[in-house]
Amino acid sequence: MAPEMDHSPATDGDSRGTTEANRDLVRRFVANVWNGEELDAIEELATPDLVVHGLGAGVDRNREEFVEFHRGLLDAVPDLEHVVEDVVVEGDRVVAYATVRGTPERQYGALAPTGESFDSIAFQKYRIEDGRIAEVWVLPNAMGMLRQLGVFPDSPGKVLRLMLGALKGRLLGR
Amino acid sequence: MATTDRQETNADVVRRIAAAVSTGDLDALDGFLTEDYVEHNPAFPADRRGPDAIRAFVGPYRAAFPDLEILEEDVITAGDRVVFRHRVVGTHENEFRGIPPTGERIDVEGIAIYRHEDGKAAEKWLVFDALGLLRQLGAAPEPPAAGDA
């Protein structure tokens with residue numbers, strides 16, 4: 001995919017300007033926040049009542065919780081890098097399709113320091129309110145990342161054995 | 001065709017693709033996908049090419065989850081692109097990738113960008129929460145809490 005392609009229709013100057021401003025806002029959020037260049041910039045780039053959905057099995061986080069979570073991630077995966085490959089902007093909604101790379105140096109959630117790196121894909125959807133990001137939905141290819149790190153079985157047979165093991169554990173636990 | 005009309009058509013095509021998968025009318029896909037349609041899904045090493053490859057991919061899902069349905073969450077259009085944020089829901093009634101039927105009701109998120117050519121979908125970039133699906137079927141461990149790590 002050609003990176004950073006412009007899919008915005010040429011319309012009147014105002015909506016064109018808003019589209020460009022929203023695209024630029026997301027670019028700055030990716031560089032400063034996701035890539036950790038200046039995490040504190042979130043106070044300027046996002047609304048105080050920001051909600052981030054979807055990082056870690058359906059958990060919603062407010063701005064403070066998200067900053068804490070993401071600071072921990074950057075600490076565990078110091079070379080974490082998002083590269084935006086494609087952006088679609090319609091009004092106040094922006095979707096970014098990004099490659100995500102990194103090498104965990106210590107355990108964080110399911111990410112384990114196995115010496116391996118991950119290089120996968122994540123979608124981010126943003127809702128923008130008065131020039132600031134108010135809501136973010138994230139969907140990474142989590143299974144692909146865990147497989148690349150070698151912490152997830154790569155065949156249905158192994159998945160089945162894992163499931164039976166889990167079931168057994170559950171039964172023994174009772 | 002004016003830009004906005006074309007975008008309406010593209011959004012409609014994406015909704016019809018979802019409807020074809022939801023109803024199981026997979027032959028209808030020929031009307032909405034170009035012959036050399038390409039689908040990129042990072043969960044699999046190879047891209048899928050052409051409507052037949054998509055039918056071969058969707059078939060086992062429909063067999064395992066006979067009431068499978070794709071629910072629209074969000075449609076975002078710009079130029080030749082349509083973003084489709086959705087949930088896949090269904091009941092695990094038959095074997096799926098070696099996992100015996102659990103009777104579990106699944107509810108899994110996906111996001112895709114479609115690129116359109118002449119009123120049909122020509123290319124798609126998809127992320128589907130396959131890990132979430134396996135967790136809901138009890139075939140993958142629940143994630144450890146990252147904050148406690």
Side-chain angles (χ1 to χ4, degrees), chain A residues 1 5-11 19 54-59 65 68-69 72-73 76 85-91 93-95 97 99 106-111 120-125 137 139-147 152-153 155-160 162-167 170, chain B residues 2-4 6-7 10-11 40-45 73-86 95-100 102 107-116 123 125-149:
Chain A
M1 180 173 344
M5 284 190 293
D6 186 350
H7 311 302
S8 324
T11 51
T19 297
L55 281 170
V59 179
E65 290 164 343
E68 193 189 344
F69 170 85
L73 177 64
E85 306 284 349
D86 200 15
V87 181
V88 180
V89 188
E90 182 186 2
R93 294 175 299 165
V94 180
V95 170
Y97 177 88
T99 49
R106 59 178 188 78
Q107 186 81 31
Y108 199 65
L111 299 177
S120 194
I121 301 289
F123 267 105
Q124 304 153 355
K125 184 205 149 188
W137 291 259
L139 185 60
N141 172 31
M143 192 160 78
M145 291 162 73
L146 297 187
R147 278 193 175 146
F152 194 81
S155 76
K158 285 184 196 165
V159 171
L160 185 61
L162 195 123
M163 186 189 74
L164 291 173
L167 183 65
R170 231 179 286 169
Chain B
T3 306
T4 46
R6 171 65 79 196
Q7 283 166 226
N10 290 347
H40 312 275
N41 180 342
F44 299 95
E73 292 279 295
D74 211 354
V75 171
I76 299 171
T77 62
D80 63 0
R81 298 300 211 255
V82 176
V83 173
F84 186 63
R85 205 161 67 82
H86 58 279
E95 180 174 314
F96 175 71
R97 301 211 170 158
I99 304 169
T102 58
D107 187 339
V108 184
E109 273 185 277
I111 307 186
I113 297 180
Y114 287 84
R115 182 179 62 79
H116 291 257
E123 198 165 5
W125 292 266
L126 169 71
V127 170
F128 172 71
D129 184 15
L131 184 59
L133 170 60
L134 292 181
R135 280 182 180 144
Q136 291 177 23
L137 297 180
E142 290 300 318
D148 304 338

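Letters A, B, ... mirror the listed sequences (proteins, then strands); counts begin at 1.
- The nearest pair of heavy atoms linking B:V83 to A:V95 is CG1-CG2, 3.7 Å.
- Here B:Y114 pairs with nothing under the ring pair (Phe, Tyr, Trp, His ring centres under 6.0 Å) rule; sequence neighbours left out.
- When side chains are defined from C-beta on, B:L131 counts as touching A:F152, because their heavy atoms get closer than 4.5 Å.
- Taking both residues in full, the closest heavy atoms of A:R93 and B:D74 are given as NH1-OD1, 2.5 Å, listed atom of the first, atom of the second, then distance.
- Nearest approach of B:A78 to A:V89, heavy atoms of both residues: CB-O, 3.3 Å.
- With hydrogens and angles disregarded, a donor-acceptor distance shorter than 3.5 Å links the side chain of A:E90 to the backbone of B:T77.
- Between B:A43 and A:R147, the shortest heavy-atom contact is O-NH1, 4.3 Å.
- There is no contact between A:L73 and chain B, counting heavy-atom distances below 4.5 Å.
- A distance of 8.5 Å separates CD1 in B:I111 from NZ in A:K125, rounded to the nearest 0.5 Å.
- Considering only residues two or more places apart in sequence or on other chains, B:E73 meets the salt bridge (Lys or Arg N to Asp or Glu O under 4.0 Å) condition with B:R87.
- Residue B:R81 holds its CZ atom at 10.5 Å from OH of A:Y97, rounded to the nearest 0.5 Å.
- Contacts of B:L133 with chain A are absent, with no heavy-atom separation under 4.5 Å from either backbone or side chain.
- Between the CZ atom in A:F123 and the CZ atom in B:R85 there is a gap of 11.5 Å [rounded to 0.5 Å].
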